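Have a look at the structure below before the remarks.
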Amino acid sequence: MPELPEVETTRRGIAPHLEGRTVTQLIVRERRLRWPIPEDLAIQIEGQTFTQIRRRAKYLLMDIGGGSLISHLGMSGNLRLVSVGTPALKHEHVDIELDSGMALRYTDPRRFGSMLWIKTGEVHPLLSRLGPEPLSDLFDGERLYQCARGKTSAVKPFIMDNAVVVGVGNIYASEALFAAGIDPRREAGRISRTRYQRLATEIQRILAHAIERGGTTLRDFTGGDGQPGYFQQELFVYGRGGELCKLCGGTLSECRLGQRSSVFCRRCQS
DNA sequence: CGCGACTCCTGCCGGC
DNA sequence: TGCCGGCAGGAGTCGC
């Protein structure tokens with residue numbers, strides 16, 4: 001579910017409910033996520049007050065007490081606010097109860113997500129090798145072009161590499177390549193600076209638009225405030241293999257790149 | 001050392 | 001109707 005726009009939408013939804021609020025109790029029903037939830041997490045956050053809720057790549061960084069709670073939503077994770085006492089269903093693994101009577105509830109059927117802890121001033125190893133934020137000034141076509149020198153992999157897995165730029169997952173990589181008219185199978189190192197400039201622009205435009213619209217709804221995504229995101233109807237290629245291209249009317253092709261399904265239009269993308 | 005494959009886990013969908 | 005294989009929004013890790 002969560003790509004960068006969904007994570008940013010979640011951040012915006014939950015931040016106003018967390019900032020300035022004190023944690024009364026941490027309830028962990030299932031500790032086994034991608035990595036186990038640290039045993040001492042309750043000691044770190046109970047009785048402490050959230051200050052700032054930040055995002056880096058697809059990680060949410062929630063500053064509280066002497067450090068930050070770091071959460072990643074994986075493929076199926078979701079963070080939302082519920083009233084304290086709301087019965088927990090299957091896969092609703094964690095509640096962070098607040099003095100407001102609300103609780104931040106973490107749900108994740110596949111358990112590919114994570115909930116970790118880091119002390120103030122430390123940089124978590126998971127965050128230490130991340131490339132620039134796609135919507136920052138540090139990211140542009142020149143960055144893509146320079147990173148691509150000597151790369152033999154296909155351009156789609158290349159732009160999904162977090163060391164190159166963060167936050168471009170399978171949906172937005174597919175959509176940005178279509179918008180830029182680039183065949184996702186093309187070798188990354190053999191694409192011109194001009195085309196990378198176009199690609200960078202499209203990545204930024206599409207991500208910014210998706211954030212503005214509250215994230216993509218694929219199945220049941222809702223922001224932290226329970227508002228649904230926008231619909232699949234805005235997608236040109238993702239999930240549309242075999243269907244007709246919205247631009248030229250041709251049949252959309254599908255292939256696998258880096259173990260991820262990739263849909264594209266042979267006529268519109270080269 | 002770059003790159004592709006494998007892995008974690010549950011749910012769902014299509015085909016037989 | 002039911003069972004089974006394959007696939008799903010991520011990304012760390014391993015082995016060639």
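Heavy atoms only: backbone and side chains are in, while hydrogens, waters and symmetry mates are out. Just so it is clear, the structure is predicted and the values come from calculations on it, not from any experiment. Note on naming: letters A, B, ... go to the chains in the order of the sequence lines (proteins, then strands), and numbering restarts at 1 for each one.
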Carboxylate-amine/guanidinium proximity below 4.0 Å for [X] and [Y]:
X: Glu8(A); Y: Arg11(A); result: yes
X: Arg56(A); Y: Glu133(A); result: yes
X: Lys246(A); Y: Glu234(A); result: no

Over all strands shown, is Arg256(A) touching base, sugar-phosphate only, or nothing at heavy-atom distances under 4.0 angstrom?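 Sugar-phosphate: the residue Arg256(A), judged by heavy atoms under 4.0 Å, touches backbone atoms but no base.
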Atom pair distance, as rounded to whole Å: [atom1] in [X] and [atom2] in [N]:
X: Ile171(A); N: dG10(C); atom1: CD1; atom2: P; result: 7 Å
X: Arg129(A); N: dG2(B); atom1: CZ; atom2: P; result: 11 Å
X: Glu6(A); N: dA8(C); atom1: CD; atom2: C1'; result: 14 Å
X: Glu254(A); N: dA8(C); atom1: CD; atom2: C1'; result: 12 Å
X: Leu257(A); N: dA8(C); atom1: CG; atom2: C1'; result: 17 Å
X: Asn78(A); N: dA8(C); atom1: CG; atom2: P; result: 21 Å
X: Phe158(A); N: dG4(B); atom1: CZ; atom2: P; result: 13 Å
X: Glu92(A); N: dC9(B); atom1: CD; atom2: C1'; result: 17 Å

Which whole number of Å gives the distance between the P atom of dG6(C) and that of dC6(B)?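 Roughly 13 Å separates the two P atoms.
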Give me the distance, rounded to whole Å, that separates dC1(B) from dA11(C) when you measure between the P atoms they each carry.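 Here dC1(B) and dA11(C) have their P atoms 24 Å from each other.
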Regarding [X] and [Y], is there a side-chain donor-to-acceptor distance under 3.5 Å anywhere?
X: Ser253(A); Y: Arg266(A); answer: yes
X: Asn170(A); Y: Lys156(A); answer: yes
X: Gln48(A); Y: Gln44(A); answer: no
X: Ser68(A); Y: Asp63(A); answer: yes
X: Ser76(A); Y: Asp108(A); answer: yes

Per-nucleotide protein contact along nucleotides 11-16 of chain C, 5' to 3', at a 4.0 Å heavy-atom cut-off (B base, S sugar-phosphate only, - neither), is BB----
Taking the six-membered ring for Trp, does Phe112(A) stack with dC9(B) (centroid gap under 5.5 Å, planes within less than 30°)?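 No, aromatic ring not over the base.
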Pairing of DNA chain B as dot-bracket, 5' to 3': ( ) intra-strand, [ ] crossing, | other strand, . unpaired, with Watson-Crick or G-U pairs under 3.5 Å? .|||||||.|||||||
Does [X] make a side-chain N or O approach to OP1 or OP2 of [N] shorter than 4.0 Å?
X: Thr152(A); N: dC3(B); result: yes
X: Arg110(A); N: dT7(B); result: no
X: Lys90(A); N: dT10(B); result: no
X: Lys151(A); N: dC3(B); result: yes
X: His91(A); N: dC9(B); result: no

When you measure from the centre of the six-membered ring of Tyr196(A), is the NZ or CZ of Arg198(A) closer than 6.0 Å and no more than 45° off the axis?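 Because its charged atom misses either the 6.0 Å distance or the 45° angle limit, Arg198(A) does not stack over Tyr196(A).
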Phe236(A) pairs by ring pair (Phe, Tyr, Trp, His ring centres under 6.0 Å) with which of Phe178(A), Phe264(A), Tyr172(A)?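 Of the listed residues Phe178(A), Phe264(A), Tyr172(A), the ring pair (Phe, Tyr, Trp, His ring centres under 6.0 Å) partner of Phe236(A) is Phe178(A).
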